[in-house]
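The block underneath contains the structure these notes are about, expressed in structure tokens.
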Amino acid sequence: KLEAEEPIYLDSSYVPITNFQGKLIGVDGKNEIKLAIDKSSSSSTTDHATVFASVGGTGTLIDNLVITGEIKGGTAAMSSGLIGYIASGCTVTVRNIVNEANITLNHTGTSYSAGIIGRIENKTAGTNGTIEIQNCINKGNITTTKNALSQHAGLIGNIGSGGDTIKITNCRNTGKIEGLEMARIAGLVAMSAGNVTYTNCANIGNVVTPAGTQSRVGGLLGEITDGAVITLNSCFNAGDIYSNAATGGLIRSWNSASVTMNNCYNAGNIYCNNTTVSGNVPRAAGLTYGSTGNAAWSLSNCYNVGSIVLPDGTTGTAWSKALVGYGTTITASNLYWLSGSANNAGATAATAMTSAELKESLPTGFDPAVWTYTSMEDGNFYLYPQLKDNIYVNTNAPEDWNTTEFAGGNGSLEFPYQIANKAHLMNVSKYPSASFIQTADIEEAVTDPVCTSFSGSYDGNGKYINLALIGNG
């Protein structure tokens, strides 16, 4: 049990624990591990910058820890907030972990790093194990200093291709993930193989590669490898992606894999940085770039509202697709995209909807037991369909948000000025062509005309106004 009155400090002299097979459970408020680990000058493949170099065993549990501070990784070993790798054929649960430590990578070759776990080994073993990652969140930023085949992400860098059953539930990344040339990066997991189920997971952090680099980028997951069986239930990406070629809002791509995506969405914008990198033209899709291989997969009850922005001067075979780039063996139902967000839906037929339509009522086929809406009155500015068990809270007010003359809003059709009292109502005359919505009854008597020349829109929203207008005769 971790029950420390002060944070436990681990510096560069700390040697990570190898083959941990016990139970470590933190006590709320007394569970902080503060890192100040700098391995940037180390070239050893075993000099990991983390708390646990490896974890294995049966019934192993790591629960309720907060990781803070800073990590600087070496040129060859793994760097992660909590665990270097989880061994194959084990029964391990990692849950209720928050990583706030920023991680700087210095890898010069293939490596696996992340905010929580560098790698789930998942090799072929005599006995298959079960690995569960639950209620974990990475808030730390992850950056890299060198061009390398680094696989890094907010939650897990790499998942191997063995027979372990892997379940990842209620996990998020909010940190910024950055990569350079040839990096494989994503918000949650950079490269995923094996049999993995993701439920109620999300990426909200931006995923970034600079212009002029050839990297492989996905909003939630990066590459899915041959033979993988991947299931996404009730997951979303809301982080913006800055990439160059072959990018997907939820999944970058897969080869000969089985992928099921149900009740998922992308709300992040994808910005393709330059016209051509090493012969690769900018291509991006809202849900997944897809595969030209023999990939059998299913999409149902999904949508995309993120915009896909190609660079100026893009020509030839470049494209932006709202849902799927490539895919020949696809079973699809109830797919939707925000009209104007991309050139077309892509390889899978889907229905284009306007912003107003998507905000007004759930699309056909969306189960109200799974989907809902949130309200601006609750301080959440994401007004498209939400997953009940995986709410996205966007507290960033849109540009020109007016709380001086109104209760909120910017006067657009999407975010009308909010009228909550008489003073707000009398300000309508200052913006006669704007959009308004009344959010409360106005009980104070209104004795003068509100506006003499109105050309905008006013939604009374079922509220009343106490009118006491007095004529001139």
Side-chain angles (χ1 to χ4, degrees), residues 16-21 37 39 44-57 60 62 67 71 73-94 97 99 101 103 105-125 128-133 136 138 140 142 144 148-168 171 173 177 179 182-198 201 216 218 220-228 230 252:
I17 298 168
T18 301
N19 196 26
F20 178 76
Q21 298 187 25
I37 298 175
K39 304 286 187 180
S44 169
T45 59
T46 59
D47 197 7
H48 305 302
T50 187
V51 179
F52 297 93
S54 58
V55 171
T60 303
I62 302 177
I67 311 298
I71 298 171
T75 61
M78 285 180 278
S79 307
S80 59
L82 184 66
I83 298 170
Y85 71 89
I86 298 177
S88 302
C90 299
T91 303
V92 175
T93 299
V94 178
I97 307 298
N99 176 60
I103 301 174
L105 308 178
N106 296 286
H107 304 131
T108 56
T110 300
S111 59
Y112 315 114
S113 299
I116 308 291
I117 302 166
R119 189 184 193 205
I120 296 178
E121 194 174 36
N122 194 24
K123 295 180 180 178
T124 301
N128 294 328
T130 299
I131 298 166
E132 297 193 49
I133 315 298
C136 293
N138 175 62
I142 302 178
T144 184
L149 292 171
S150 172
Q151 298 174 23
H152 60 274
L155 188 74
I156 302 167
N158 173 280
I159 298 176
S161 58
D164 291 344
T165 297
I166 301 167
K167 300 177 182 179
I168 300 175
C171 292
N173 172 65
I177 312 298
M182 298 307 296
R184 274 74 167 160
I185 63 173
L188 206 70
V189 178
M191 183 171 285
S192 186
N195 185 345
V196 189
T197 299
Y198 299 87
C201 292
R216 301 181 182 183
L220 195 70
L221 308 181
E223 290 194 66
I224 308 299
T225 60
D226 288 348
I230 305 297
R252 189 263 181 185

query = Between I71 and A49, which heavy-atom pair has the shortest distance, and what is it?
reply = CG2-CB, 3.6 Å
ask   = Closest heavy-atom contact between P16 and H48?
value = CG-O, 3.3 Å
note = Closest non-hydrogen atoms of S79 and I103, given as atom of the first, atom of the second and distance, are CB-CG2, 4.2 Å
Distance in Å, T60 OG1 paired with I131 CD1, rounded so as to fall on 0.5 Å steps = 10.0 Å
key: pair L82-I67: side-chain heavy atoms closer than 4.5 Å   = yes
message = Donor-acceptor pair, distance only, cut-off 3.5 Å: does the side chain of T75 make one with the backbone of N106?
response = no
ask   = What heavy-atom pair brings A186 and L221 nearest, and what distance separates the two atoms?
value = CB-C, 3.7 Å
key: Flag, side chain of T50 to backbone of I83, donor-acceptor distance under 3.5 Å   = yes
request  = First locate atom CG of N122, then atom CG of N128, and finally report the distance between them rounded to the nearest 0.5 Å.
outcome  = 8.0 Å
task = Could you tell me which non-hydrogen atom of A228 sits nearest to which non-hydrogen atom of S192, and how far apart they are?
result = CB-O, 4.2 Å
Spatial distance of atom CG (N195) from atom CD1 (I230) [nearest 0.5 Å] = 7.5 Å
key: Side chain E121, main chain S88, donor-acceptor under 3.5 Å   = yes
query = Cut-off 3.5 Å, side chains only: do T165 and T130 have a donor facing an acceptor?
reply = no
query = How far apart are the C-alpha atoms of I156 and I168, what are their side-chain angles, what is the distance that settles it, and do they pass the side-chain contact (heavy atoms from CB on, under 4.5 Å) test?
reply = CA-CA 10 Å; I156 302 167; I168 300 175; 3.7 Å; yes
ask   = Given Y198, which of L220, V189, I133 fulfils the side-chain contact (heavy atoms from CB on, under 4.5 Å) condition?
value = V189
query = If you look at every heavy atom in I185 and A190, which pair is closest and at what distance?
reply = CA-CB, 4.2 Å
query = Just wondering, do D164 and I86 contact through their side chains at under 4.5 Å, heavy atoms?
reply = no
inquiry  = Working to the nearest 0.5 angstrom, can you tell me the gap between I159 CD1 and I166 CD1?
reply    = 5.0 Å
Spacing of Q151 atom CD and M191 atom CE [to the nearest 0.5 Å] = 4.0 Å
task = To the nearest 0.5 angstrom, please state how far the CG atom of N173 sits from the CG atom of N138.
result = 5.0 Å
request  = Give the intermediate values and the outcome of side-chain contact (heavy atoms from CB on, under 4.5 Å) for residues I142 and S113.
outcome  = CA-CA 9 Å; I142 302 178; S113 299; 5.9 Å; no
query = Does a side-chain heavy-atom distance below 4.5 Å link V94 with C136?
reply = yes
